[in-house]
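If you're wondering where the values come from, they're calculated on a predicted model, not measured in any experiment. Both counts, for ligands and for their atoms, begin at 1 and track the order of listing.
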Amino acid sequence: MALSTLPSGAALGAEIVIDLSNDIDAATFQEIEDAFHDNIVVVFRNQHLSSERQIAFSRRFGKLEIHIVKKYLLPDDPEILLVSNIRNEMGENIGLADAGFTWHSDVSYRKHPSRCSLLYAIEVPEQNGETLGNTIFVNTIQAYQTLPRTMQTWLAGRKAIHRYSERMRVENSPRPKLTAAQLAETPDIAHPIVRTHPFTGRKSLYVTKGECIGIEGVPDDEARPIIEELHDHCIKPEFQYRHKWQVNDLLMWDNATAMHLAICDYQLPQRRLMHRTTVIGSQPF
Ligand code: SIN
């Protein structure tokens, strides 16, 4: 039976209507995967998922990453990373409080960056009936397609250098500093600026100014303005979809064809709690 898929009307994003607590056969999973590739960001509303269920569904897309910041992993299910502004009785953050506060694509600092991420909304802040803590996504296929031909030609075959520690953080970020071992585990890595989707063959831009420190073979004073120009082009409003969270949303996004930004317009006692699973992808080409 065909799945019901409701496009958001924006440059990306759709709702898929299905109850993920039921078993999903191979044909239905194929429909979900196709709708996911076509829409880049998909939401499954009103899901009631245990951690095991979220992990099992996520694993259908590939092997799961255990996040480098170990402090915020669920102790019994380390495949789940807590993203949250909530503090425990000792006043410590229970999860990553500044995840996604700059534009990025998940885990671009690895040789094998994330294929996709899944975020399950447990608590969502709101004020006067308005949802806070939205997440904005951009369609980087459209961003690539709308570049001037001369720029597309110049970019062909070029690689940007991604640096994990270069990521911009919020001021006074509570996130633990990377240890020497973690820094050694995440050396600079060059990825194609124009990448080809491993499943669909579609080309997209893969570069952000928060993560990319240069372009291989290009002097830094030339490379930085190009990275900024590409970044600013990617995040134009016409390429965006803004997700307004509801409790029990499971949202997933394609890290090869989208960048995202989490909006921090809430503070305690407004609470936000998300469970993230991150699927490892293939080496970008
Ligand atoms: C993330 O970048 O993984 C977090 C996104 C969000 O919390 O909305």
Set of salt bridge (Lys or Arg N to Asp or Glu O under 4.0 Å) partners for Asp25, sequence neighbours left out: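 If we apply the salt bridge (Lys or Arg N to Asp or Glu O under 4.0 Å) test to Asp25, skipping adjacent residues, there are no hits.
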Ligand-residue contact atoms, ligand 1 with [X], heavy atoms, under 4.0 Å:
{"X": "Leu119", "result": "5 (C), 6 (C), 7 (O), 8 (O)"}
{"X": "Gly100", "result": "2 (O)"}
{"X": "Val83", "result": "7 (O)"}
{"X": "Arg272", "result": "6 (C), 7 (O), 8 (O)"}

Contact check: His104 vs ligand 1, nitrogen or oxygen atoms, below 3.5 angstrom: yes
Check: Trp253 N/O within less than 3.5 Å of ligand 1 N/O: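 No, since none of the N or O atoms of Trp253 sits under 3.5 Å from an N or O of ligand 1.
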Part of Met274 within contact of ligand 1 (heavy atoms, under 4.0 Å):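 Answer for Met274: neither.
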For [atom], grab the closest protein heavy atom and report residue, atom and distance to one decimal in Å.
{"atom": "atom 3 (O) of ligand 1", "answer": "Arg276 NH1, 2.6 Å"}
{"atom": "atom 8 (O) of ligand 1", "answer": "Thr135 OG1, 2.6 Å"}
{"atom": "atom 2 (O) of ligand 1", "answer": "His260 NE2, 2.9 Å"}

Donor + acceptor pair across side chains of Thr278, Arg276 (<3.5 Å): yes
Exercise: do Gln54 and Ser51 side chains pair donor with acceptor under 3.5 Å: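 Gln54 vs Ser51: no donor-acceptor pair found between side chains.
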Hey, would you say the [X] and [Y] ring centroids sit under 6.0 Å apart?
{"X": "His260", "Y": "Phe137", "answer": "yes"}
{"X": "Phe57", "Y": "Phe44", "answer": "yes"}
{"X": "Phe36", "Y": "Phe199", "answer": "no"}

Residue that, paired with Lys236, satisfies side-chain hydrogen bond (donor to acceptor under 3.5 Å, both in side chains) out of His233, Gln240, Glu238: His233
Partner of Leu273 by side-chain contact (heavy atoms from CB on, under 4.5 Å), out of Ile94, Val247, Asn85: Ile94
Proximity flag His243 to ligand 1, non-hydrogen atoms under 4.0 Å: no
